[in-house]
Amino acid sequence: MLGDTALLSLDFTAGTVPTAVTFTRADTTARATYIDASGYVKTVASAGDARFDYTGGVAKGLLIEAGATNLALRSQDLNTTVTDGSQWAVSGYTRSDVSTTLPDGTTGNACRISGTGSASFRTQSITVDASTDYVFSFWARNNGGSQARFRVYGSGSIVDYTQSVNNYVSQIGGANNTSSTWVRVYVVASIPPLITSVYIYPTSSDSGTVDVLFWGVQFEKGTVPSSLVSTTNATRTRLADDAVIRSTAWTSLYAQPGAMVVEFYRGAYGDGDRSIMCTDPTATRHWHLKQANASATAQIAFSAGSPVTQTGLVSGLNKVAIAWNAPTPTASFDLCVNGATPTFGGSNVGTTLSTWLTLGSQSTTGVSGTGVWDGYLNNSIKSVKYYSALTYAEMIAKTT
């Protein structure tokens, strides 16, 4: 087995930010959330705290997301009785509060909607941008009903984006399930018309009873829900995450030749390219490892020249190695995805070395949100390692 000769080794599963990394998020209050080891939705203790996500009790690493705004008001209580314009509207259904263990692990009230027939339960009107994808998400738990329908409703050219709870029965637990199993459900409105509301209801063609608990409603841009941003009587925004290896932590290492290995969870398809690692954008300094949009392709892009690509990214954890000015051949970039035979191409990084490396975010100045190099990963980075050089055999071994 090959030994590890990494000059820099960053492990984000320990739940702390390594000293080589500068992390910032400019929220003014603690509003960013993550999934903890017990599967609960937790809010950071302080506004700018880094988040370390879990799935199935397994540590995923450092969560890096773009900013997101929740346009659905009263996200936790789904209140129908307030009169400030943030209330939900209920017609034909019965709305009540049920004390239970919530998705955040606390004991509190979930919103229960029950009834039959063509009734409705909906948000206030929501203003959206034209020709833009939106996603409607929430945590649901079947409380004994047989079905429910979740709808994004648009006017102008009337288009419904619907999803029956029947497709989630196996996850929620089936009819008459009253266990504590919560599932996050979402519906995508792809390039919607003018949206007036998001609905939870059966249409007139449906039959059966609705009896479902709801919590944590979110309506936001995109095709996959981001981490929950709770709201009361106004929309709320969580700002972007920024993780950078900069100053001497990077310049003391970066040289030619060089190589890196990164473990990360793939971002969502369909929302543009996803950034994994990115150096300075200056023409003589820039290279960018990214996940190509709408495919299982990793790509190294440069300020000039054709990118180096390789397919093979999977929906869960990925291991990718890159090497520059590599020995096979010289003056090239090599790319290895999940143990495949490396591909090569491009050119070297030039004579001027970069001064920072961003992780999972776009950047032109070393600060998130100011860049042009594609979108945020919107998922977790598990580990990052830097090497003075890697052969093809070592790239394969370290990504298998």
Side-chain angles (χ1 to χ4, degrees), residues 6 8-18 20-25 30-45 48-68 103-105 135 137 139 171 182-184 186 216 218 222-229 238-245 260-269 271 273-278 289-291 296 298 312-321 337-339 357-362 368 375-385 398-400:
L8 177 69
S9 182
L10 306 178
D11 178 10
F12 295 105
T13 63
T16 57
V17 178
V21 177
T22 301
F23 178 87
T24 56
R25 186 180 53 255
R31 62 187 61 179
T33 61
Y34 61 98
I35 305 299
D36 73 2
S38 298
Y40 293 128
V41 181
K42 294 298 182 183
T43 303
V44 293
D49 285 353
R51 296 174 292 165
F52 298 91
D53 232 16
Y54 286 76
T55 181
V58 177
K60 293 174 63 178
L62 178 66
L63 178 59
I64 299 292
E65 290 186 301
D104 63 2
V135 58
S137 62
W139 275 262
Q171 295 174 300
W182 288 91
V183 175
R184 196 178 193 189
Y186 69 93
Q218 188 148 301
T223 59
V224 175
S226 67
S227 58
L228 177 65
V229 183
R238 179 200 65 251
L239 298 179
D241 300 303
D242 173 37
V244 184
I245 306 173
M260 298 191 75
V261 176
V262 56
E263 293 182 276
F264 68 97
Y265 287 81
R266 192 186 72 189
Y269 288 163
D271 285 337
D273 293 347
R274 299 278 144 219
S275 182
I276 303 167
M277 296 189 296
C278 178
L289 176 64
K290 62 184 181 179
Q291 169 195 313
L313 294 179
V314 297
S315 59
L317 180 65
N318 292 271
K319 298 180 181 181
V320 173
V337 175
N338 293 325
L357 179 79
T358 61
L359 303 177
S361 65
Q362 58 182 194
S368 68
Y376 289 76
L377 180 61
N378 289 347
N379 216 320
S380 297
I381 294 179
K382 181 179 179 180
S383 68
V384 175
K385 293 185 178 183
K398 292 181 184 300
T399 59
T400 299

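A donor atom on one side chain and an acceptor atom on the other are found under 3.5 Å apart for Ser383 and Glu263.
Distance alone, capped at 3.5 Å, is enough to place a donor-acceptor pair between the Arg274 side chain and the Tyr376 backbone. Of the possible polar contacts, none joining the Asn378 side chain to the Gly267 backbone as a donor-acceptor pair under 3.5 Å is found. Listed for the Arg25 side chain is no donor-acceptor partner under 3.5 Å among the backbone atoms of Ala50. A donor-acceptor distance shorter than 3.5 angstrom exists from the side chain of Asn338 to the backbone of Lys319, with no hydrogens or angles considered. Distance alone, capped at 3.5 Å, is enough to place a donor-acceptor pair between the Thr33 side chain and the Leu228 backbone. Side chain of Lys42 to backbone of Asp104: a donor-acceptor contact under 3.5 angstrom is found.
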Evaluate Arg266 against Val314 for side-chain contact (heavy atoms from CB on, under 4.5 Å), listing each step before the verdict. CA-CA 7 Å; Arg266 192 186 72 189; Val314 297; 5.6 Å; no
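When all heavy atoms are compared, the tightest approach of Lys385 to Ser9 is CE-OG, 3.3 Å. The nearest pair of heavy atoms linking Ala45 to Asp49 is N-OD2, 3.6 Å. For the pair Ala30 and Val44, the tightest heavy-atom approach, listed with the atom from each and the gap, is CB-O, 3.3 Å. Heavy atoms only, all atoms of each residue included: Leu313 and Asn318 are closest at CA-OD1, 3.2 Å. Of all non-hydrogen atoms in Ala243 and Val21, the two that sit nearest each other are CB-CG1, 4.0 Å.
The line from OG1 of Thr358 to CG of Asp242 is 8.0 Å long, rounded to the nearest 0.5 Å. One distance of note links CZ of Phe52 with OH of Tyr34; it measures 10.0 Å at 0.5 Å rounding. Of the inter-residue distances, the one linking Tyr54 atom OH with Ile35 atom CD1 reads 12.0 Å to the nearest 0.5 angstrom. Summarising the geometry, atom CD1 belonging to Ile64 is positioned 6.0 Å from atom OG belonging to Ser361; distances are rounded to the nearest 0.5 Å. Between the CG atom in Leu10 and the CG atom in Leu62 there is a gap of 10.0 Å [rounded to 0.5 Å]. Of the inter-residue distances, the one linking Arg184 atom CZ with Trp139 atom CH2 reads 3.5 Å to the nearest 0.5 angstrom.
A 4.5 Å side-chain heavy-atom check between Val320 and Val337 finds at least one atom pair inside the cut-off. Residues Met260 and Leu357 have side chains in contact (heavy-atom distance under 4.5 Å, counting atoms from C-beta outward). Looking at Asn379 and Phe264, their side chains never come closer than 4.5 Å, going by heavy atoms from C-beta outward. Side-chain contact between Leu359 and Met277 is present, with at least one heavy-atom pair separated by less than 4.5 Å. Side-chain contact between Tyr265 and Asp53 is absent, with no heavy-atom pair separated by less than 4.5 Å.
Applying the side-chain hydrogen bond (donor to acceptor under 3.5 Å, both in side chains) criterion to Ser227, with sequence neighbours excluded, gives Arg51, Glu65, Arg238.
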